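Presented below is the structure to which this report refers.
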There are 2 protein chains.
Amino acid sequence: MAVASVTLSDVARLAGVSKSTVSRVLSQSRPVTPAIEATVRRAAAELGYSGNSIARALRRQRTDTVGMVVPSILNPFFTALVDSIERALHEEGRVLFLCDSRQDPEIEAGYLRLLIDRKVDGIVVSPVDGELSRAAIAETASQTPLVQLDRRVNVENTDWVGVDDDDAMSQVVAHLVANGVRTAAFVTSDFTNSSTRDRLDGFRRHAKRLGVATREDWFVLGDYSVESGHAAGVRLLSGEDIPDAIVCADDLIAFGVLQAARELGVAVPDRLKVTGFDNLVFAEHVIPPLTSIEQPTPQMAEEALRLLRVRMQRKDRLPGARVALVPRLIVRDSTRSRG
Amino acid sequence: MAVASVTLSDVARLAGVSKSTVSRVLSQSRPVTPAIEATVRRAAAELGYSGNSIARALRRQRTDTVGMVVPSILNPFFTALVDSIERALHEEGRVLFLCDSRQDPEIEAGYLRLLIDRKVDGIVVSPVDGELSRAAIAETASQTPLVQLDRRVNVENTDWVGVDDDDAMSQVVAHLVANGVRTAAFVTSDFTNSSTRDRLDGFRRHAKRLGVATREDWFVLGDYSVESGHAAGVRLLSGEDIPDAIVCADDLIAFGVLQAARELGVAVPDRLKVTGFDNLVFAEHVIPPLTSIEQPTPQMAEEALRLLRVRMQRKDRLPGARVALVPRLIVRDSTRSRG
DNA sequence: AGTCCAAGGGCAATCGATTGCCGAGCAAGA
DNA sequence: TCTTGCTCGGCAATCGATTGCCCTTGGACT
C-alpha cells in the first residue's frame, strides 16, 4: 500500500544502466550483453520489479484486455460462455472486463462506449436485442475489433460465432418424431434477438417438413426463466387437448415446463415429451433428466477469440465471418419412449 | 478501427485553446469562462472526443477498475457474488476484471500478481484454500486495497465480508429439531477453507448443544458439486440405519443428496429432511423445494466495496475488519414435517 | 595498420491526460 | 489613481515504459 511501486528507472539506477537497456532485457526486444543482462535481472529481482502495464499500454497502444458484454451473467448459459472465454484468455495472458447489460440495450450501449474508452484490444458481445442493439454494435465495431457471440444483430463486416439453430431444431424435431410425437408446442421468449428467432423459425420449418402438427396457440412467449416456463406449461397442459411434446427455446423454460407437468400430473415422457436448449449442468439433474441441445462453449470461445485476433492484426476492413458450429442433441429421459 | 482516436490536443486545436483548458472543462476540475466552455464542449462533441482512460490512469494513478478472483464462476453462488459486485461497480462507474482461479492456489496467486501489475484500485477475492492461499493474499494485501469475500484466510490487517456461518448452522439445527429431527449427518467438501470449516464446526457445536445425535461416519467429505452430494447421499442412505436429516454445506451437495434419496426411495421430508446452503435460484425448483440458508449477496457486495473505498482513501495501515452478516433460513418443503 | 561493419548502450521523443505554477487582466477598495 | 487580490488561460513537467536513432567499441578482414 504505502509501498510506492518500483519503476524501470529504479531498476536502471540499481543496475547502473539506462532505462532502455532494462526495457530491452525484460522484454527481450533486442539482444543485450549477457553480463549486463544478468546484472539487470538481478537488480529487477532484488527490487521485485514487475512493470506498470498502464504505462506500457499507453506506449504500445494495446492493453492485452478483452471486454465481454452479456445480457445476464445469472443465466447459466452465459456463465458458461464467460467461463470459456475467461479460460481461453488466461492462456493468452490477457484479462477480461466483464459487463452485464441486464437485458437493457441502453446499459449495453453504455458499456460498449466504456470499453472503447478503456482501449480494450477487442470486444465479445452477445447483443440484447436484434434491433435496439444494432446502432451501438455497428458504431463500436467500426472502432475496435468486435465479435458477436451466440446472439447477433445484422451489421455489415462483423463476425459472429454461434451454433446452427436451424440444424439444432432439425435434430430435436427428428428425434421427437422418431419417438412417436405427432403434435408439438413451442415455448420461447419474446425477445427479438437472433437465436430466439432462428429457433422459432427452425422449429416451424422442421415441424412442417416432418409432419408434426402445431397450433398457433401452442406457441407461447415469455422470457428465459423457470417461472416463465412454468406459466407456459400450466397454460399448455391445463386443457383436455394437450400436445405430445413441448419444445423449449432454452433449458430454464424447460425446467419450468417439467415442474408444471409434475404438478398437473402429466407424465413425462410417457404422455408428454419435453426438450430444452443449452444443455445446462442442471439438465441432467432435473426429473426426469432433460433432453437438450449442447452448445460447445469452449469451441465457441476459441473461435471468437481467433476471429478477434485476426482483426487485431489486420487493421483493414475485413468482410464479416459467420461461424455456425453444429450442436449436438443430448438425449435423456424426458423424451425417451419407454419400452 | 482505422479511425485514429481523437485526443485532447485535437479538441484543443479545434477549440483554439490549450489542452489545460479542455481538460478543465471536461473534468470540471476548475471553473472556466462560460463562453470558452461552450466552445470547448462543442468542439469535443463535434469530434466525438471520449478520452483515453489509459493516459488518464497513468497520470492519476488510479484506474477505476476492481479485480475479482473467485474459485469458480461456474458455481452459481459465486456467479451471484460476481453479479452483485458487478452491479455495484457499475453504479460507481468502475469496471471489473474477472478472474477464475479454478480452485488452484497457483492460478490464484498468478492472478493476484497480474492484478497488481494492472494497477487495479482494489481487489475482491474469495481465497481457494485456507493455508495455500495465505502467502499470496498477504503479499497482495500489502500492496493494494484488498477485501476477502465469503471465504477468508487469516492475514493481519485484512478485511473480510461474509455471513456468520455459526449463526446459520444454529438456525438450521434449531429448525430441524423443531421439526422432530433427533439424528443428523453432515455432508461437506474437503477443501480447507474458512467457510467449510466454520460450517462444520458450527454444525458440530449446535448439534451437540441442541441434543441432535451424530456419528463420525455420518460426516462425509467430497467437494461442492451435485455429483459429490449424490455419492454421499447414496452412502448415507443405503444401509438400514439412516439419519433423520442430512445437513449439506451447500445447495449443490443438497441437490445431489435429494437425487440419491429419490433413487433409493427415501421419502423427503417424511423420512429424511435435507438442508442446503446459499439459497441458489434452483433451490426452489428442485423436488422437493430445498430449505436453505440465504446469503445476502447484494449487501455483501456493498459492504466489500465500502471497505475497499475506505482503504483506497486512507493509505495508512488500518486494522482489519470482519463483517459477518446474519443470514436467513429459507424454509421449504424439504424439511417441513407434514401435518 | 587501416578500413569497414556489426553489436549494443544510451539519449530523448513519445503515448495522452492532468496539474502546479506563472502571469495577464480586471475589479474593488482606499 | 494606485494598490491589492482574485480569476482563469497557458506553459511545461509529469506519470512509466518503449523505441528510433546516434554513437562508441571492438572484431574481422585486407
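As the structure is a computational prediction, the values presented were derived from the model and not from experiment. Below, chains carry the letters A, B, ... as their sequence lines are ordered, and counting in each starts from 1.
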Is any side-chain nitrogen or oxygen of [X] closer than 4.0 Å to OP1 or OP2 of [N]?
X     : N      : result
A/R56 : D/dT18 : yes
A/S23 : D/dA17 : no
B/R59 : D/dT14 : no
A/T7  : D/dG16 : no
A/S18 : C/dG9  : no
B/T33 : D/dG9  : yes
B/Q61 : D/dT14 : no

Without hydrogens or angle criteria, can the side chains of [X] and [Y] be said to hold a donor-acceptor pair below 3.5 Å?
X      : Y      : value
A/Q148 : A/S126 : no
B/R118 : A/T65  : yes
B/T21  : B/S18  : yes

Within this structure, what is the [atom1]-to-[atom2] distance between [X] and [N], rounded to whole angstrom?
X     : N      : atom1 : atom2 : answer
A/L26 : D/dG16 : CG    : P     : 16 Å
B/Q28 : C/dT18 : CD    : P     : 12 Å
A/R60 : C/dG16 : CZ    : C1'   : 17 Å
B/R62 : C/dT18 : CZ    : C1'   : 13 Å
A/L47 : D/dG16 : CG    : P     : 14 Å
A/L8  : C/dC11 : CG    : P     : 13 Å
B/I54 : D/dT18 : CD1   : C1'   : 15 Å

Next on the checklist: Counting only side-chain heavy atoms from C-beta out, which of D/dG9, C/dG10, D/dA17 sits nearest to A/R30?
Outcome noted: C/dG10

Item to check | Closest nucleotide among D/dC11, C/dG8, C/dT18 to the B/R24 side chain | outcome: D/dC11

Next on the checklist: Would you call the rings of A/F97 and B/F97 parallel, tilted or perpendicular, taking 30° and 60° as the class edges?
Outcome noted: parallel

Checklist outcome for this item: For B/E106 and B/D104, the nearest pair of non-hydrogen atoms, with its separation, is N-OD1, 2.7 Å

Quick one: label [X] by what it contacts on the DNA or RNA (base, sugar-phosphate, nothing), any heavy atom closer than 4.0 Å.
X     : answer
A/V22 : nothing
B/S20 : base
B/I36 : sugar-phosphate

Checklist outcome for this item: Comparing B/K19 with A/K19, nearest DNA chain D nucleotide closer to 5' gives the residue B/K19

Next on the checklist: For A/L58 and B/G16, find the nucleotide of DNA chain D closest to each by heavy atoms; which residue's nucleotide sits nearer the 5' end?
Outcome noted: B/G16

Checklist entry - For the side chain of A/W160 and the backbone of A/D150, is there at least one donor-acceptor N/O pair under 3.5 Å apart? => result yes

